[in-house]
Amino acid sequence: MNYVYILECSDGSFYTGWTNDIIERYKAHQAGRGARYTKSHYPMRIVHLELFEDRNEAMKREYAIKKMKRKQKEKLIEDSLKIISKQRIMISGGFNHEQS
């Protein structure tokens, strides 16, 4: 599996990248080994994540996101957080049973 991700950095900036191992890549970014940009802009959290079967598709998507203006990236992040919140509600709703 291939991932395209957006990191929010400590200064509020965004970093976009792709990887085939999101956990190891995030650890590398936090250790200052992930990319030149994240060495000086400490990554705080992953704010957007997309999955791709094909590496080339992931790379194309990374490129497309990198070309976006900040407002477009903020909208992308906001939309993905809405989806996550909706899924959490649906999941937690499934386990919310009243006892008799």
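Since we're looking at a predicted model, the values are computed, not measured. Excluded from the calculations below are hydrogen atoms, water molecules and symmetry mates; all remaining heavy atoms, backbone and side chain alike, are included.
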- Can you sort out the partners of Arg25 under salt bridge (charged side-chain N to carboxylate O under 4.0 Å, His left out), two or more places apart, ordered by chain and number? none
- Message: Under the rule for side-chain contact (heavy atoms from CB on, under 4.5 Å), what residues qualify as partners of Tyr42, not counting sequence neighbours?
- Response: Ser10, Gln30, Met44
- Task: Check the pair Ser13, His41 against side-chain hydrogen bond (donor to acceptor under 3.5 Å, both in side chains), reporting the backbone distance first and the verdict last.
- Result: CA-CA 8 Å; Ser13 64; His41 301 82; 4.8 Å; no
- Give, for atom CD1 of Ile22 and atom OH of Tyr3, the distance between the pair rounded to the nearest 0.5 Å. 7.5 Å
- Task: Go through Phe52 and Met59 one step at a time and tell me if the side chain to side chain contact (heavy atoms under 4.5 Å, CB included) criterion holds.
- Result: CA-CA 10 Å; Phe52 294 87; Met59 293 171 75; over 6 Å; no
- Query: Would one find more than 12 heavy atoms of other residues, nucleotides or ligands at under 6.0 Å from atom CG of Leu51?
  - Reply: yes
- Can you list every pair that meets salt bridge (charged side-chain N to carboxylate O under 4.0 Å, His left out) and has a residue in residues 5-22, with sequence neighbours left out? Glu8-Arg45
- Query: Are His29 and Tyr37 linked by a side-chain donor-acceptor pair shorter than 3.5 Å?
  - Reply: no
- Message: If the condition is salt bridge (charged side-chain N to carboxylate O under 4.0 Å, His left out), which residues does Arg36 pass it with, not counting sequence neighbours?
- Response: none
- Sequence neighbours excluded, which residues qualify as side-chain contact (heavy atoms from CB on, under 4.5 Å) partners of Lys60? Glu57
- Message: Run the salt bridge (charged side-chain N to carboxylate O under 4.0 Å, His left out) test against Lys39 and tell me which residues pass, sequence neighbours left out.
- Response: none
- Query: Out of His48, Glu50, Glu62, which one pairs with Ile6 under the side-chain contact (heavy atoms from CB on, under 4.5 Å) rule?
  - Reply: His48
